[in-house]
S.K.: 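A single structure is presented below for examination.
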Number of protein chains: 2
Amino acid sequence: MKQSYIKYLEEIAGQDFVITDMEDKICYGYDSTRLEFMPDAIVKVKNAEQISSILKFANENKIPVIPRGAATGLSGGCLAVNGGISLVMLEMNSISEINTVDLLVQAQAGAVTIDVDRAANNCGLFYPPDPGSLKTSTIGGNIAENAGGLRGLKYGVTKNYVKSLELVLPTGEIINTGAVTVKSVSGYNIVDLITGSEGTLAIVTRATLGLLPIPKAKASILTTFPDTASAASAVRDIVAAGIITATLEFVDNVTINAIEDYLKIGLDRNTGAMLLIEVDGYEGAVQEEAEIVKEVCARNRCSSFRLATSDEERDRLWSARRAALSSLARVRPSTILEDATVPRSRIVELVEAVNAIAQKYSLSIGTFGHAGDGNLHPTILTDLRDKDEEIKVEKAIEEIFIKTIELGGTLSGEHGIGLTKAKFLKLEVSEDAYRLMKNIKKTFDPNNILNPGKLLIN
Amino acid sequence: MKQSYIKYLEEIAGQDFVITDMEDKICYGYDSTRLEFMPDAIVKVKNAEQISSILKFANENKIPVIPRGAATGLSGGCLAVNGGISLVMLEMNSISEINTVDLLVQAQAGAVTIDVDRAANNCGLFYPPDPGSLKTSTIGGNIAENAGGLRGLKYGVTKNYVKSLELVLPTGEIINTGAVTVKSVSGYNIVDLITGSEGTLAIVTRATLGLLPIPKAKASILTTFPDTASAASAVRDIVAAGIITATLEFVDNVTINAIEDYLKIGLDRNTGAMLLIEVDGYEGAVQEEAEIVKEVCARNRCSSFRLATSDEERDRLWSARRAALSSLARVRPSTILEDATVPRSRIVELVEAVNAIAQKYSLSIGTFGHAGDGNLHPTILTDLRDKDEEIKVEKAIEEIFIKTIELGGTLSGEHGIGLTKAKFLKLEVSEDAYRLMKNIKKTFDPNNILNPGKLLIN
């Protein structure tokens, strides 16, 4: 990057907030995909006005700008694939007082998800979206990816809680859009268009977020099944019984064995699949729902059923599910976490297809995830230093996606398209719809400076 | 319209489905605003392919096309303000079988809202959005306006249930967008951009809609207060107590008196305000919530509190609220139903401002609506044949909107901007955001043929 450009960025953001030395830049070249792309400059921004100035300048000079939160993303959304300026949002992390009447909070883009939730908790409220990375991830990143989480079935995803946004457009305009009211239909719904647009249409600087009252009671259940089909059938029957559980998590046999290798907590290695179920609400309702869940699981031949009676027991039940990814990650040098999502009714078919693909390519794939949402994470355990294996892995991933779409599913439930799935997007999106999306991108970002090389690449 | 154009439309849709005679056209010149604009031709379309052909033709020849459902809209969305072709969607009204595992139904745009709900009811499910016009309104119209309803606070609005759409773009392409899965983040969120875009970006032909299990129990409560402030304060305290009621309806003194004049059901004419509250869920939870609501109302000095103990009593309690609009409509020759929405915490200020404006212009304004959402319907009782009064009414409406925005509110909670509020939109939307919306419109509809003269007019 030209020295004069760097000088100008320093004028805008302050010399201490612009980083161009290679040693200092390195940790900004990665995200949770472990892919590496080096930006030319890192700017730690402090407000929307600075971002506006930087974008105007970048737009004039056609320099890529890539917003970056905590870099916990799993599709490469914050990587500087074409160099340019990495805009680090972490300094903008203020969280407003909680509005306990309107159930709202305002947070800057760099605020950490769990901090927003904790601020709400102090007032008897909670922020429902709970992506796996919530201890580190930022609200801006969550909005960019429309992050999901374990509570998606009952409580929805990030977009269901974003009421209004302060945005900076790629051409530098600062815009406030949306409304803090429960309902609003004034003009086009820019808020929901931006949410999930992966930082390619505008940079989110601040959001007003909806909150909910903390449920008075909850019940946590761990139940095991002899095979995937029975577990999946239990998932279907629970929903068909009219129960929308707070979480309904699935863990397959490969993952159970990886967890047992790691934690040695006495899981039965022959268990076909495990469900972790949580219902919440009022005491009486929770008991009633837990009772129905028990009946449904028994009817589907569960091999065991444990209802936690204390917080400690609840934590113990959850420790297995929480350890799923780290347990799988220990098995082989490389872990590729996918994000295939199908209608709930097609889960068995997806899991069986993944297992068949694993066998076909002699790969080890563990599958776990949010069964209630049909959002599963087939996780390929591999060694990408082995080039032959890398080719097999790529073929397997493509086959998983083709099958997912065939089952009426979607390429990504919560991780986004970003860099890693961009080449598959046309499996799901027709030529005409793809062209429409490209035209929308062009409307916002005529010079394609904002997060280029992501989402729409063809 | 040129005879050759009409001939071409007849070729596409069949001679019996194209109407150009004045007598036959008249009833297609109105909607529920009672404003009148005559289209040049009416085409009763039967499928997306016909619509595609018509739009290609209209786009080439720059003829306005206005989609029309049941015309129950309250902002003039389906009126042919510049003539052109009125596309009547009512023939496209099929409803698929209910998918009880994935909790989904597919409906064509012309399906009537209540028919979708009833189809779901037969399977123990329901379609939550419940606009006042649901017995007549169509799913396509609901999606165009992002229709709300009484259950908005707990269950959200139309957009929360639209999973995927079949659309025809103004340039004729037929597109399928969105996903039927619980979560999806594959590409830009076209579904939520179209929902609420008032038929100005694309014509919705089919939607996959989410459903929910019918709650096992409900409790209906009618409670009265000496003044608006106590009622509003009760609304705030109910939500602050952690209770998200299914409905939380407000009726003011003017409306109570109009209802009593009409129905003579023994309402106390001195009552300041009335709340109609419904909680639903499991039996035990419902009882617990009703108990808390009772305490909160007592603490806020309610003058009466009745909990319905039977379905008949529930119906009786609701009859007053249901009659609100028709009771007000009897008072004077013209009724103007507004749709001002503020954060829940500002309801008292809005109601007081409306009363002050009524006094200032010597107008009679009754206010009722969805207090839990902060979505109130100040209803001006007037006689628009009186030109002096018309001017006062216009001034009053403008002042109500200015106050609404001042209170952090939005011009429309659920009725849309359409024709009637288009001139006020810049009160809420900044110049930069307005320009962005116009650019989005242009991206979809380069020749401005689809529902011109609505929403964005400057």
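What you see is a predicted model; the values in this text were computed from it and never measured. Atom set for the values below is all heavy atoms of this structure, side chains included, hydrogens, waters and symmetry mates excluded. Proteins come first, then strands; the chains are lettered A, B, ... in the order of their sequence lines, and each starts at number 1.
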S.K.: Kindly indicate whether the side chain of A/Val157, heavy atoms from C-beta on, has any atom under 4.5 Å from the side chain of B/Val185.
M.R.: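 Not in contact.
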
S.K.: In terms of heavy-atom pairs under 4.5 Å with chain A, which of B/Ser197, B/Ala179, B/Gly187 leads?
M.R.: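 Of the candidates given, the most pairs with chain A belong to B/Gly187.
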
S.K.: Specify which of A/Thr177, A/Leu104, A/Val342 makes the most heavy-atom pairs with chain B at under 4.5 Å.
M.R.: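 Answer, by heavy-atom pair count under 4.5 Å with chain B: A/Val342.
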
S.K.: First locate atom CD of A/Glu173, then atom CD of B/Glu431, and finally report the distance between them rounded to the nearest 0.5 Å.
M.R.: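 If we round to the nearest 0.5 Å, A/Glu173:CD and B/Glu431:CD are 12.0 Å apart.
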
S.K.: Assess, by modelled atom type and distance only, whether the side chains of B/Ser412 and A/Ser186 contain a donor and an acceptor separated by less than 3.5 Å.
M.R.: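 The criterion, which ignores hydrogens and geometry beyond distance, is not satisfied for A/Ser186 and B/Ser412.
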
S.K.: Working to the nearest 0.5 Å, report the span between CG of B/Leu407 and OG1 of A/Thr181.
M.R.: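 These two atoms lie 12.0 Å from each other.
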
S.K.: Could you tell me which of B/Leu425, B/Thr100, B/Val180 has the largest number of non-hydrogen atom pairs under 4.5 Å with chain A?
M.R.: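 Result: the option with the highest number of such pairs is B/Leu425.
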
S.K.: Please round to the nearest 0.5 Å and tell me the distance separating atom NZ of B/Lys438 and atom OH of A/Tyr188.
M.R.: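 Output value for this atom pair is 10.0 Å.
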
S.K.: Is A/Leu456 close to chain B through its backbone or its side chain, or both, or neither, when contacts mean heavy atoms under 4.5 Å?
M.R.: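 Side chain only.
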
S.K.: Would you say that more than 12 heavy atoms from the other residues, nucleotides or ligands in this model lie under 6.0 Å from the NZ of A/Lys426, or not?
M.R.: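 Counting other residues, nucleotides and ligands, NZ of A/Lys426 exceeds 12 neighbours.
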
S.K.: Among B/Asn146, B/Thr410, B/Thr341, B/Asp373, find the one that has a side chain to side chain donor-acceptor pair (under 3.5 Å) with A/Lys183.
M.R.: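 With A/Lys183 as partner, B/Asn146, B/Thr410, B/Thr341, B/Asp373 yield a single side chain to side chain donor-acceptor pair (under 3.5 Å), made by B/Asp373.
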
S.K.: Would you indicate whether the side-chain heavy atoms of B/Ile440 and A/Ile440 approach each other to under 4.5 Å?
M.R.: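 Side-chain contact under 4.5 Å: no.
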
S.K.: Please rank A/Val286, A/Val239, A/Asp192 by heavy-atom pairs under 4.5 Å with chain B and give me the top one.
M.R.: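 Ranked by heavy-atom pairs under 4.5 Å with chain B, first place is A/Asp192.
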
S.K.: Highest number of heavy-atom pairs under 4.5 Å with chain A: which of B/Glu145, B/Glu283, B/Arg346, B/Glu414?
M.R.: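 If we count pairs closer than 4.5 Å to chain A, B/Glu414 comes out on top.
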
S.K.: For chain B, find which of A/Arg236, A/Lys442, A/Arg435, A/Glu198 contributes the most heavy-atom pairs closer than 4.5 angstrom.
M.R.: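 If we count pairs closer than 4.5 Å to chain B, A/Arg236 comes out on top.
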
S.K.: Go through the atoms of A/His415 and report whether side chain, backbone, both or neither lie under 4.5 Å from a heavy atom of chain B.
M.R.: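 Just its backbone gets close to chain B.
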
S.K.: So which part of A/Leu411 gets closer than 4.5 Å to some heavy atom of chain B, the side chain, the backbone, both or neither?
M.R.: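 Answer is both: backbone and side chain atoms of A/Leu411 are under 4.5 Å from chain B.
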
S.K.: Can you tell which of B/Ser430, B/Ser184, B/Ser75 has the highest number of heavy-atom pairs within less than 4.5 Å of chain A?
M.R.: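 It is B/Ser184.
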
S.K.: Taking the side chain as every heavy atom from C-beta outward, state whether A/Pro213 and B/Ile244 have any pair of such atoms under 4.5 Å apart.
M.R.: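 A side-chain contact exists here, since the closest heavy-atom pair is under 4.5 Å.
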
S.K.: Heavy-atom distance under 4.5 Å to chain A: side chain of B/Ala422, backbone, both or neither?
M.R.: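 Nothing of B/Ala422, per the 4.5 Å heavy-atom cut-off to chain A.
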
S.K.: Tell me which of these, A/Val429, A/Thr200, A/Ile243, has more heavy-atom pairs under 4.5 Å with chain B than the rest.
M.R.: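 The residue among A/Val429, A/Thr200, A/Ile243 with the greatest pair count is A/Thr200.
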
S.K.: Is the closest side-chain heavy-atom distance between B/Asn189 and A/Thr195 below 4.5 Å?
M.R.: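 No. Closest side-chain heavy atoms not under 4.5 Å.
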
S.K.: Could you look at B/Leu169 and say if it's the side chain, the backbone, both or neither that has a heavy atom under 4.5 Å from chain A?
M.R.: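 Contact with chain A: side chain only.
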
S.K.: Is it true that the side chains of B/Asn439 and A/Thr443 contain a donor and an acceptor less than 3.5 Å apart?
M.R.: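 Per modelled atom types, B/Asn439 and A/Thr443 side chains form no pair under 3.5 Å.
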
S.K.: Are any non-hydrogen side-chain atoms of A/Leu436 and B/Ile190 less than 4.5 angstrom apart?
M.R.: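 Yes. Closest side-chain heavy atoms under 4.5 Å.
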
S.K.: B/Pro343 pairs by side-chain contact (heavy atoms from CB on, under 4.5 Å) with which of A/Val101, A/Asp102, A/Val182, A/Asn99?
M.R.: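 Of all the options given, the one that passes is A/Asp102.
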
S.K.: As an exercise: rank B/Lys159, B/Lys216, B/Lys441, B/Glu289 by heavy-atom pairs under 4.5 Å with chain A and give me the winner.
M.R.: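 When all of B/Lys159, B/Lys216, B/Lys441, B/Glu289 are compared, B/Glu289 has the most.
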
S.K.: What residue, out of A/Gly284, A/Ser345, A/Gly196, has the most heavy-atom pairs lying under 4.5 Å from chain B?
M.R.: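 Highest number of pairs under 4.5 Å: A/Ser345.
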
S.K.: Heavy-atom distance under 4.5 Å to chain A: side chain of B/Gln287, backbone, both or neither?
M.R.: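 Contact with chain A is absent: no heavy atom of B/Gln287 under 4.5 Å.
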
S.K.: Relative to chain B, which segment of A/Lys421 carries a heavy atom at a distance below 4.5 Å: side chain, backbone, both, or neither?
M.R.: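 Neither part.
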
